[in-house]
Q: 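This is the structure I have questions about; it appears just below.
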Amino acid sequence: MTSIINAIVPGSIKHARFRIGSFNISLSSSIPEVLQHIQSLYSNYEILADSDFIDFHVQLASPSISRRFFRRQVVFSLDGYIPFKPLPYAQAPAMFEWGMNWCIASHSNYNLIIHAAVVELKDRAFIFPGTPGSGKSTLCAALVCRGWRLLSDEMALISINDGLISPVPRPISLKNQSIPLIQAFSNQAVIGRIVADTAKGTVGHMKPPESSVKLAEKQAKPSFLIFPKYKQASETKLMPLSKGKAMVRAASDCFNYNVLGAQGFNCLGDFIDQCECYEFEYSSLDEAVSLFTDMAN
């Protein structure tokens with residue numbers, strides 16, 4: 001298989017052109033840790049030809065020559081525009097993932113975008129909205145490790161035209177205690193470079209299954225909207241949630257609900273109508289996976 005990294009000259013800027021869902025990405029970087037991240041976690045993605053249209057031309061680089069050697073930093077840019085302040089050089093792989101979140105969320109307003117993990121089993125999509133600490137990514141990773149299809153760890157892209165969810169299967173972001181938890185849960189989990197001392201704590205990314213990447217053009221119909229909450233030593237509890245309360249909570253988790261105006265309101269309302277809505281508390285991943293598998297069946 002052709003390497004996803006096209007090494008032009010040793011030590012020079014290297015390039016990767018690949019497809020994530022419906023988005024074509026061109027990445028340029030000379031940072032070894034970024035290239036290793038791509039080679040390790042994106043090896044199953046479609047490699048693009050030089051003639052293919054590119055949606056996002058992104059680069060990760062040091063902001064100046066001096067920053068390559070002293071108090072090293074990294075910047076993320078899209079078509080030369082730098083949307084974030086520089087971060088410590090060691091955080092470069094995580095910055096690529098955070099930067100891609102921003103690219104996709106900022107340029108997808110033909111969808112209603114909910115901050116949520118999305119997985120699917122037997123053509124039934126489960127949407128797990130959540131703020132940091134809710135356990136949505138841990139739950140998402142556990143389900144994927146048990147054979148569920150990954151659509152996204154970060155965002156549900158809901159078409160304002162037909163209400164279907166477009167996949168963006170990328171590495172799953174795990175933080176702090178979620179990393180060893182998933183490593184213990186499945187010895188099949190492939191987790192890339194672990195980065196400490198970020199604004200989010202210790203961060204690692206889990207490689208998506210090849211099967212999910214290959215199905216990245218297959219949209220999904222929403223079936224369940226579930227608001228998770230991880231609580232240490234808690235019982236597994238699935239509690240029905242009214243459509244009205246679910247709509248209010250989902251709206252607060254949307255990136256662009258206000259931007260879309262009436263379209264956003266109507267799209268979210270139709271989405272809620274299609275879903276069974278619940279709150280969910282858990283501490284046992286095994287119990288959570290068993291419960292949701294039964295629901296999908």
Q: With no hydrogens and no angle check, just 3.5 Å: does a side-chain donor-acceptor pair link N24 and D52?
A: no
Q: Describe, in one word, how the ring planes of F76 and F84 are oriented to each other, choosing from parallel (under 30°), tilted (30 to 60°) and perpendicular (over 60°).
A: tilted
Q: Among K218, E217, Q219, which residue meets the side chain to side chain donor-acceptor pair (under 3.5 Å) test with S166?
A: Q219
Q: To the nearest 0.5 Å, what is the distance between CG on L139 and CH2 on W148?
A: 8.5 Å
Q: Hey, are S159 and D162 close enough side-chain-wise for a donor-acceptor pair under 3.5 Å?
A: yes
Q: List the residues meeting ring pair (Phe, Tyr, Trp, His ring centres under 6.0 Å) with Y278, not counting sequence neighbours, and say none if there are none.
A: none
Q: So, T198 versus K175: side-chain donor-acceptor pair below 3.5 Å or not?
A: no
Q: Regarding R170 and the six-membered ring of Y42, is the cationic atom NZ or CZ under 6.0 Å from the ring centre and inside 45° of its axis?
A: no
Q: Please report the interatomic distance CG(N44) to NZ(K214), rounded to the nearest 0.5 Å.
A: 6.0 Å
Q: May I ask you to list the residues sharing a hydrophobic cluster with I160, side-chain cutoff 4.5 Å, ordered by chain and number?
A: L112, I114, V118, I127, L151, I158, I165, L225, F227, L241, M247, Y257, L260, F265, L268, F271, I272
Q: Should D153 and S173 be marked as a side-chain hydrogen bond (donor to acceptor under 3.5 Å, both in side chains) after you check the CA-CA gap, both sets of side-chain angles, and the distance that decides it?
A: CA-CA 7 Å; D153 164 49; S173 176; 4.9 Å; no
Q: Give the intermediate values and the outcome of side chain to side chain contact (heavy atoms under 4.5 Å, CB included) for residues L27 and F56.
A: CA-CA 8 Å; L27 167 67; F56 304 127; over 6 Å; no
Q: Look up atom OG in S283 and atom NZ in K231, then write down how far apart they are to the nearest 0.5 Å.
A: 11.0 Å
Q: Please report the C-alpha distance between H107 and F23 in whole Å, then the side-chain angles of each, then the deciding distance to 0.1 Å, and finally whether the ring pair (Phe, Tyr, Trp, His ring centres under 6.0 Å) criterion is met.
A: CA-CA 10 Å; H107 297 84; F23 302 101; 9.0 Å; no
Q: With a 4.0 Å cut-off, would you call E279 and R249 a salt bridge?
A: yes
Q: Walk me through it: do I179 and Q183 pass the test side chain to side chain contact (heavy atoms under 4.5 Å, CB included)?
A: CA-CA 6 Å; I179 299 171; Q183 289 173 324; 4.0 Å; yes
Q: For the pair S234 and K229, evaluate side-chain hydrogen bond (donor to acceptor under 3.5 Å, both in side chains) and give the outcome as yes or no after the intermediate values.
A: CA-CA 10 Å; S234 71; K229 182 63 178 177; over 6 Å; no
Q: For H37, which of E97, H205, R193 qualifies under side chain to side chain donor-acceptor pair (under 3.5 Å)?
A: E97
Q: Measure the spacing between OG of S62 and CD1 of I31 and express it to the nearest 0.5 Å.
A: 5.5 Å
Q: How far does CZ of R19 sit from CD1 of I54, to the nearest 0.5 angstrom?
A: 10.0 Å
Q: Show me the donor-acceptor pairs within less than 3.5 Å that the side chains of residues 289-297 make with the rest of the protein, sequence neighbours left out.
A:
residue	atom	partner	partner atom	Å
T293	OG1	V289	O	2.7
N297	OD1	K122	NZ	2.7
N297	ND2	T293	O	3.0

Q: Take the angle between the ring planes of W102 and Y81 and call it parallel below 30°, perpendicular above 60°, tilted in between.
A: tilted
Q: Roughly how far, to the nearest 0.5 Å, is CZ of R17 from NE2 of H57?
A: 7.0 Å
Q: Counting only N and O atoms by type, is there a donor-acceptor contact under 3.5 Å from the side chain of S106 to the main-chain atoms of C103?
A: no
